[in-house]
Chemist: 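First the structure, which I've put down as C-alpha cells, then a few questions once you've had a look.
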Amino acid sequence: ARIVYHISRTQTKNPNYKGFKIPRYLAPEITAIKTDTIKTDDQGAFLITFKATPPSNANLSAIYYNYSITMDVTDGAGGTHSATTTVAVANNNIVVQVNIPDEYLASDSTKIVAVINNLSGQPQKGTIRVQVFSLQSQSNLVKTRLWPVPDQFLMDKKEFKKVFPYYAYNNEDDSKTWPRVSQVSDTTILVNDSTLSFFNLSSLKNLMSGQYQVVINATNEKGDTTSITKNFNLLAYHPKATSLARWIIPVHNVVKPGT
C-alpha cells in the first residue's frame, strides 16, 4: 500500500510550569514539519521518522509541542483510508493534576483528587508527596495596584508610603513572595493508573486562617518527576482579610427559589 503523510506542529502551555516568562495565552501556531510518501512492507507495516525539533528560542520548560501526523493510505485495489495520530514532545513528559482552590474553607472536604498523566493524558503509576507550609502575610492590607511594578524605582519605600500609604511599593502584595513560617503537614501517597487517588488535607481544619502554600512533587514508576506549587487562603474560625480586594468573601452563593 502507498501512504502519503503530513506532519505539523502546534504548541501548548505546560500546566505545571511555575515561571512567569510566558504569556497567559499562547497564540495558535501551526508549523508544517514534513510531507512524504512511503510504502508498507508485505505485512502492511510501515515506519514514519522525523526530528521533533522545537524553535530555537523555545522555552522548553514552559511549552510542549504536539506533532500531528495525518496519513492517507491507498491499497492495491485503489481504496483509500485516512487516519490521524498525535505525539506530544517535551523536556518533561509527565504532569500532575491537582485541583486546589484559591480560597479553602476549613469546613470543606479535605479529600483532594491527585493524578499523574503523561503528555497524552494517559494515567501513570507513581508517588505524590504533598507538603503544606504556612506563610508570613504582609503586616498591612493594601489596595489592588492600578499600575504594573516598575523596573526602576524613582522613590524609596519610605517616601512612597507617605504619598501612597494604601498601595504596595514593590511586590509585597503578591503571596508568591511571602516567606514560609513553618511546615504544617507532609504526606506521601501512591498513585494508581486505573483508579483515582486522593490525599487528605485534614490538618487544615485545626489551623488558623491565613495564607498557606502547598508543594506537590510527583514521580512516576520510570523515575520522571514534576512539581507544582500553589498558594491558597485558608478560611477557618474568625478569618482575617488578606487583601482589601477580598474583604468580603461569599461562602454560599446558591439561592433557592422562594427563599
Side-chain angles (χ1 to χ4, degrees), residues 1-99 112-129 189-198 216-228:
R2 175 175 173 268
I3 300 175
V4 178
Y5 67 87
H6 308 273
I7 303 176
S8 61
R9 183 187 67 212
T10 58
Q11 59 183 6
T12 304
K13 282 183 63 175
N14 183 344
N16 290 167
Y17 178 60
K18 296 177 288 187
F20 301 97
K21 296 181 179 180
I22 182 174
R24 179 173 296 182
Y25 171 74
L26 286 177
E29 179 182 289
I30 301 177
T31 304
I33 300 299
K34 186 177 182 181
T35 298
D36 202 357
T37 301
I38 58 176
K39 290 186 177 182
T40 64
D41 60 19
D42 295 339
Q43 304 300 317
F46 62 93
L47 178 66
I48 293 176
T49 61
F50 67 96
K51 287 186 177 182
T53 305
S56 58
N57 60 346
N59 184 348
L60 297 180
S61 298
I63 299 172
Y64 67 88
Y65 291 92
N66 293 304
Y67 291 84
S68 177
I69 306 171
T70 301
M71 297 158 285
D72 298 308
V73 182
T74 305
D75 58 28
T80 60
H81 307 274
S82 297
T84 300
T85 188
T86 300
V87 178
V89 178
N91 276 359
N92 194 338
N93 61 356
I94 64 170
V95 296
V96 57
Q97 294 184 335
V98 177
N99 184 22
I112 308 294
V113 178
V115 180
I116 302 175
N117 288 337
N118 63 17
L119 295 181
S120 298
Q122 298 170 325
Q124 305 282 293
K125 293 181 179 179
T127 59
I128 291 179
R129 182 185 182 188
I189 63 170
L190 295 177
V191 177
N192 204 312
D193 60 353
S194 57
T195 59
L196 290 178
S197 299
F198 302 86
I216 300 174
N217 293 279
T219 305
N220 68 2
E221 59 182 358
K222 295 180 180 178
D224 301 316
T225 62
T226 189
S227 65
I228 57 175

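None of the values given here were measured: they were computed from a predicted structure. Computed from heavy atoms alone, side chains included, the values below leave out hydrogens, waters and symmetry copies. Index from 1, following the sequence.
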Chemist: Enumerate donor-acceptor pairs with a distance under 3.5 Å from any side-chain N or O in residues 40-55 to protein atoms, sequence neighbours excluded.
Modeler:
| residue | atom | partner | partner atom | Å |
| --- | --- | --- | --- | --- |
| Thr40 | OG1 | Ala1 | N | 3.1 |
| Asp41 | OD1 | Gln43 | N | 2.9 |
| Asp41 | OD1 | Gly44 | N | 3.0 |
| Asp41 | OD1 | Ala45 | N | 2.8 |

Chemist: How long is the straight-line distance from CG of Asp224 back to CG of Asn93, given to the nearest 0.5 Å?
Modeler: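 Here the rounded value is 4.0 Å.
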Chemist: Grab the two heavy atoms, one from Ile216 and one from Ile128, that are nearest each other, plus how far apart they are.
Modeler: CG2-CG2, 3.5 Å
Chemist: Evaluate the side-chain proximity of His81 to Asp75: yes if any heavy-atom separation is below 4.5 Å, no if none is.
Modeler: yes
Chemist: Could you measure the distance from the CD1 atom of Ile69 to the OG1 atom of Thr85? Nearest 0.5 Å is fine.
Modeler: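 Taking CD1 in Ile69 and OG1 in Thr85, the distance rounds to 6.0 Å.
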Chemist: Calculate, to the nearest 0.5 Å, the distance between atoms OG1 and CD1 belonging to Thr225 and Ile116 respectively.
Modeler: 10.5 Å
Chemist: Please enumerate all residues that pass salt bridge (Lys or Arg N to Asp or Glu O under 4.0 Å) together with Arg129, with sequence neighbours excluded.
Modeler: Asp186
Chemist: If you round to the nearest 0.5 Å, how far is CD1 of Ile7 from OG1 of Thr86?
Modeler: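 These two atoms lie 11.5 Å from each other.
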Chemist: Sequence neighbours excluded, which residues qualify as side-chain hydrogen bond (donor to acceptor under 3.5 Å, both in side chains) partners of Lys222?
Modeler: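 For Lys222 there are no side-chain hydrogen bond (donor to acceptor under 3.5 Å, both in side chains) partners, ignoring immediate neighbours.
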Chemist: When rounded to the nearest 0.5 angstrom, what is the spacing between NE2 in His6 and CD1 in Ile33?
Modeler: 14.0 Å
Chemist: Would you say the side chain of Val115 lies within less than 4.5 Å of the side chain of Leu196, judging by non-hydrogen atoms?
Modeler: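 A side-chain contact under 4.5 Å exists here.
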Chemist: Once side-chain hydrogen bond (donor to acceptor under 3.5 Å, both in side chains) is applied, do any residues pair with Asn217, and if so which ones, sequence neighbours excluded?
Modeler: none
Chemist: Over all heavy atoms of both residues, which pair between Tyr64 and Val89 is shortest? Give the atoms and the distance, please.
Modeler: CB-O, 3.5 Å
Chemist: Who passes side-chain hydrogen bond (donor to acceptor under 3.5 Å, both in side chains) against Ser82, sequence neighbours left out?
Modeler: Asp72
Chemist: With heavy-atom distances below 4.5 Å as the criterion, would you say the side chains of Arg2 and Val4 are in contact?
Modeler: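 The answer is yes, as the side chains (C-beta and beyond) meet within the 4.5 Å cut-off.
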Chemist: Without placing hydrogens or testing angles, list every side-chain donor-acceptor pair under 3.5 Å for residues 120-127, not counting sequence neighbours.
Modeler:
| residue | atom | partner | partner atom | Å |
| --- | --- | --- | --- | --- |
| Gln122 | OE1 | Asn118 | ND2 | 2.8 |
| Gln124 | NE2 | Gln122 | O | 3.3 |

Chemist: Mind listing the closest non-hydrogen atom pair of Ile94 and Ala218 along with its distance?
Modeler: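 Nearest pair, atom of Ile94 first, then Ala218: CD1-O, 4.3 Å.
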Chemist: Taking it one step at a time, do Ser197 and Leu190 satisfy side chain to side chain contact (heavy atoms under 4.5 Å, CB included)?
Modeler: CA-CA 8 Å; Ser197 299; Leu190 295 177; over 6 Å; no
